[in-house]
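Just below is one structure, and these are the notes that go with it.
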Amino acid sequence: MTLRIYNTLSRKKEDFQTIKPGKVGIYLCGPTVYKHAHIGHMVGPVIIDTIARYLKYNGYEVKFVNNITDIDDKLIHRAAELNTTVEKLAAEMTQDYFDNLEIMGVDTITEFPKATDYIEEMQNMIQALIENGHAYPLEGDVYFSAEADKNYGCLSGRKIEEMIAGTRVEANDKKKNPADFALWKKSRPGEPAWDSPWGPGRPGWHIECSTMSRKLLGDSFDIHGGGLDLMFPHHENERAQSECCTGKKYVRYWVHNGLMQASDAPGKVGGQHDRHGDVVADQEAQEANKLAGSKGAASVKELFAIHPAEIVRLFLLSTHYRSPIAFSDENIQEAAKGIEGFYRFFETFERITGISFYDLPSSEDRDQSVSLEGTPSEYFQQLSELQQRFLEAMDDDFNTGGAIGNLFELRSTLNALIHSHNLDGEGKEDQALVEALKTGACLLKELSNLLGVFRKPCKKDQEADDGLANQLMELVLEIRKEARESKNWDIADKIREGLAACQITVEDRPEGSLWRRG
RNA sequence: GGCGCCGUAGCCAAGUGGUCUAAGGCGGUGGAUUGCAAAUCCAUUAUUCCCCGGUUCGAAUCCGGGCGGCGCCUCCA
């Protein structure tokens with residue numbers, strides 16, 4: 001089975017083939033660092049991180065670039081609002097972004113270029129575009145001439161004439177053609193500015209990506225990611241600039257992720273776009289729903305205070321990356337209930353084998369995958385089949401939702417082995433079966449790690465280790481144990497119910513009682 | 001007005017021409033286990049894939065029409 005990937009450019013799935021054998025260059029449009037990231041900003045990184053993991057697993061060497069836009073109008077406005085400098089604000093928000101990526105388990109990004117570090121290269125590219133007739137300076141600005149690119153519109157599927165006919169392009173502009181866009185913007189007094197052949201100014205929005213990707217990945221590279229909302233105008237313009245400058249095909253596969261929707265956002269979308277609805281209110285509602293505006297979108301950190309990041313990650317991956325995903329506490333909680341079964345399994349596994357699931361060896365290479373032969377043969381056959389189905393799903397345009405389904409089935413298979421041979425009891429003396437269980441657990445680790453989850457103990461589990469709570473629980477469970485031994489069920493049940501009210505679940509097992517939060 | 005996406009069980013969600021009498025999760029139901037629970041296991045929960053036509057030996061999957069939801073066209077991950 002070969003890897004297939006949906007390409008926005010062709011609007012269909014294509015066989016994946018890299019430009020350089022064995023190597024993959026990926027560019028993902030990163031954030032403008034003017035405010036704290038919200039969960040929607042994590043979708044792209046999580047998805048591309050998962051793709052990068054999968055490509056590495058398949059033997060590719062991956063170079064993954066994620067830019068930081070640290071100069072932009074929004075940044076200038078926000079810094080003024082907060083009475084700080086653009087540099088300070090950008091530095092702070094960049095750190096916030098890095099923190100969030102770490103918490104989300106995104107660690108495959110190899111470079112984080114900052115726009116302000118590439119001003120000179122951008123100017124060179126702009127100059128080249130002017131020289132070959134694709135751009136023109138005008139009163140301190142420089143514009144790209146959309147008409148000069150005969151392919152303009154090929155990525156987003158639109159035509160210049162139609163866009164102009166749409167009349168929402170402002171006509172009063174001094175630009176030659178309304179579809180033209182700024183490569184360089186003249187600065188006003190007090191704004192951050194760099195010297196240039198066209199006067200002091202700052203780069204336009206799109207040019208940084210063209211410049212930095214070229215510098216770090218070359219004139220042509222394999223995968224370009226970003227949110228669907230960036231397809232136009234950002235990616236279209238980026239593509240046009242780059243191709244007009246280099247004369248080469250810019251990107252092989254354009255990967256656009258669907259946008260997250262706040263399903264419990266204030267102001268439901270009316271669906272009366274072209275009727276007599278209140279257009280302004282409607283737009284606001286859409287904005288809120290998309291999570292892109294400041295309205296109603298909690299920062300990632302606020303979110304992680306409520307939900308473990310790993311669960312959020314799995315929630316993001318439970319639906320296909322190109323589909324929109326409805327984000328709400330309720331939906332995450334529902335997903336969490338299913339995912340927690342994995343943590344129960346890890347506990348059981350450790351009880352049986354004395355080994356932490358997280359310490360198991362697991363292959364990061366498809367060719368060195370865990371060997372799935374042995375007895376019980378039926379069990380191993382199931383493992384093998386689940387592995388195959390998991391990989392087939394991933395091969396099919398990174399169908400993480402389908403892959404996760406197989407992960408759940410794999411868990412059931414392992415639990416069934418434990419159950420049918422009583423491995424969590426006397427059966428654990430059977431070394432061969434315990435080994436079989438370990439093999440299955442290694443497979444689970446190998447596959448789940450591809451999705452970037454279950455790599456280290458979840459924060460929630462670690463919290464349960466705090467000293468005072470442990471001491472208190474030890475005492476309470478000791479008292480309860482005595483009550484149970486004298487068959488004083490009323491007391492025993494009262495304690496358990498009381499703990500349940502404190503969000504503590506007690507589990508009575510033959511060898512003693514366990515407890516956990518939630 | 002232009003371009004595009006989507007509509008699968010109570011809910012979330014895979015599957016996009018035959019293996020589909022449609023994965024998986026949540027929820028529900030019955031059973032095993034348990035003092036009772038919890039956890040786990042087993043069974044069960046859509047004869048059907050928004051509606052209507054068509055293509056085909058065969059469609060949830062392709063085509064046409066309708067209805068409903070949404071995105072982009074303007075800063076946006």
Side-chain angles (χ1 to χ4, degrees), chain A residues 8 11 28-32 37-48 72-74 77 153 156-159 161-170 205 225-234 256-261 263 269 271 273-274 283 286-287 289-293 314-315 318-320 322-326 328 330-341 344-345 347-348 389 393 396 399-412 414-420 424 484 487-490 492-493 496-497 500 505-510 513-516:
Chain A
T8 304
R11 317 260 159 182
L28 171 67
C29 282
T32 301
H38 64 250
I39 185 61
H41 292 115
M42 292 292 113
V43 177
V46 164
I47 282 154
I48 303 290
D72 172 89
D73 290 1
K74 290 194 290 296
H77 296 150
S156 54
R158 49 192 89 205
K159 298 190 177 86
E161 315 84 71
E162 283 170 1
M163 283 161 54
I164 295 165
T167 67
R168 287 177 74 174
V169 185
E170 289 187 23
W205 176 30
L228 204 53
D229 53 348
L230 293 182
M231 188 168 87
F232 188 91
H234 185 237
H256 287 106
N257 59 271
L259 304 180
M260 185 165 268
Q261 327 260 140
S263 60
V269 177
H273 298 252
D274 41 7
Q283 276 177 353
Q286 282 181 37
E287 186 71 1
N289 249 18
K290 206 176 69 178
L291 274 176
L314 225 32
F315 172 71
S318 68
T319 171
H320 190 90
R322 274 187 281 113
S323 308
I325 179 165
S328 71
E330 204 187 338
N331 290 351
I332 292 191
Q333 252 150 24
E334 196 186 288
K337 282 184 201 161
I339 294 161
E340 269 157 19
R344 298 291 84 74
F345 169 75
E347 288 161 12
T348 309
R389 273 161 50 192
D396 183 14
N399 178 4
T400 50
I404 288 171
N406 291 305
L407 233 42
F408 274 99
E409 283 191 72
L410 178 53
R411 186 189 73 194
S412 296
L414 300 181
N415 275 328
L417 182 79
I418 292 169
H419 183 264
S420 62
D424 200 8
R484 293 182 72 220
K487 299 204 188 298
N488 193 340
W489 307 124
D490 284 351
D493 290 350
R496 191 172 58 199
E497 282 157 24
T505 304
V506 174
E507 199 174 311
D508 294 326
R509 304 197 50 83
S513 298
L514 303 174
W515 67 279
R516 65 170 169 273

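Fair warning: this is a prediction, and the values are worked out from it, not measured in the lab. Residue numbering restarts at 1 for every chain, and letters A, B, ... go by the order of the sequence lines.
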**Prompt:** Of the nucleotides B:rC41, B:rA38, B:rA77, which one has an atom closest to the side chain of A:Ala416?
**Reply:** B:rC41
**Distance between P atoms of B:rU44 and B:rC11 (Å, rounded)** = 22 Å
**Request:** Using only heavy-atom distances, decide whether a donor-acceptor pair under 3.5 angstrom links the side-chain of A:Arg11 to the base of B:rG4.
**Result:** no
**Fill in**
The nucleotide from B:rA39, B:rG25, B:rA13 with an atom nearest the side chain of A:Thr319 is B:rA13
**Asked** The side chain of A:Arg158 lies closest to which of these nucleotides: B:rG15, B:rC73, B:rA77?
**Response** B:rC73
**Complete:** Given protein heavy atoms under 4.0 Å, the one-letter contact record of nucleotides 6-11 of chain B, with B base, S sugar-phosphate only and - none, is simply -----B
**Request:** Could you check which of B:rG25, B:rC36, B:rU40 has an atom nearest any side-chain atom of A:Ser412?
**Result:** B:rG25
**Complete:** Checking B:rA14, B:rC41, B:rC72 against the side chain of A:His419 (C-beta onward), the nearest is B:rC41
**Message:** Using the side-chain heavy atoms of A:Asp493, tell me which of these nucleotides is nearest: B:rC26, B:rA39, B:rC36.
**Reply:** B:rC36
**Item:** Pairing partner of B:rG4 (Watson-Crick or G-U wobble, both distances under 3.5 Å)
**Value:** B:rC70
**Request:** Kindly state whether the pair A:Phe408 / B:rG25 counts as stacked, where counting means centroids closer than 5.5 Å and planes tilted less than 30° apart.
**Result:** no
**Request:** Side chain of A:Glu409 only, please: which of B:rG24, B:rU40, B:rC73 is the nearest?
**Result:** B:rG24
**Message:** Counting the atoms with a prime plus P, OP1 and OP2 as sugar-phosphate, which does A:His320 contact under 4.0 Å by heavy atoms, base, sugar-phosphate, or nothing?
**Reply:** sugar-phosphate
**Message:** Classify A:Asn415 by what it touches in the nucleic acid, base, sugar-phosphate, or nothing, heavy-atom distance under 4.0 Å.
**Reply:** sugar-phosphate
**Asked** Which is true for A:Asn399 with a 4.0 Å heavy-atom rule: it touches a base, it touches only sugar-phosphate, or it touches nothing?
**Response** sugar-phosphate
**Prompt:** Contact class for A:Thr348 vs. all strands (heavy atom < 4.0 Å): base, sugar-phosphate, or nothing?
**Reply:** nothing
**Message:** Counting the atoms with a prime plus P, OP1 and OP2 as sugar-phosphate, which does A:Gly225 contact under 4.0 Å by heavy atoms, base, sugar-phosphate, or nothing?
**Reply:** nothing
**Message:** Using a 4.0 Å heavy-atom cut-off, does A:Gly157 contact any base of the nucleic acid, only the sugar-phosphate backbone, or nothing at all?
**Reply:** sugar-phosphate
**Any N/O donor-acceptor pair, A:Asp229 side-chain to B:rG71 base, under 3.5 Å** = no
